[in-house]
Amino acid sequence: MTAEDVLRQRVALALSEILVVSNRIDILALSPEAVSSYYDLLLEHAFGNYRELLEDVTLHPAMGHYLSM
């Protein structure tokens, strides 16, 4: 709560509840770095353009595994 980017963290948390990937899927459970990379993506786009966020989320490997591409 004392960090400089508390609002960014809260926005990323809210986005992670809307644009969901689950680490319970076998592939994502074995590679936690994919889920952490996905969360870093949400942090990066927390105050950016929503269209760019959706594009990057769509192309992220964690989302691809979550949607069984």
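When reading the values below, keep in mind they use all heavy atoms of this one structure, side chains included, and skip hydrogens, waters and symmetry mates. One is the number of the first residue; the rest follow in order along the sequence.
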Next on the checklist: I'd like to know if Leu59 and Val57 are part of one continuous hydrophobic network [Ile/Leu/Val/Met/Phe/Trp/Tyr, side-chain heavy atoms within less than 4.5 Å].
Outcome noted: no
Open item on the list: For Asp56 and His45: C-alpha separation, side-chain torsions, deciding distance, then whether side chain to side chain contact (heavy atoms under 4.5 Å, CB included) applies.
Closed with: CA-CA 9 Å; Asp56 288 346; His45 289 288; 2.6 Å; yes
Using side chain to side chain contact (heavy atoms under 4.5 Å, CB included), reason through Tyr39 and Val35 one step at a time and then give a plain yes or no. CA-CA 6 Å; Tyr39 193 75; Val35 178; 5.9 Å; no
d(Gln9 CD, Leu42 CG) to nearest 0.5 Å is 11.0 Å
Of all heavy-atom pairs linking Ser16 and Leu13, the shortest is OG-O, 2.7 Å
Report task. Determine yes or no for a side-chain-to-main-chain donor-acceptor pair under 3.5 angstrom, with Ser37 supplying the side chain and Glu33 the backbone. Result -> no
Tightest non-hydrogen contact, residues Tyr38 and Leu19, listed as OH-O, 2.6 Å
Correct closest heavy-atom pair for His60 and Ala34 would be CE1-O, 3.5 Å
Minimal heavy-atom distance between Leu43 and Ala12, with the atoms involved, is CD2-CB, 3.5 Å
- Would you kindly confirm whether Ile18 and Val11 end up in one hydrophobic cluster when ILVMFWY residues are joined by side chain heavy atoms under 4.5 Å apart? yes
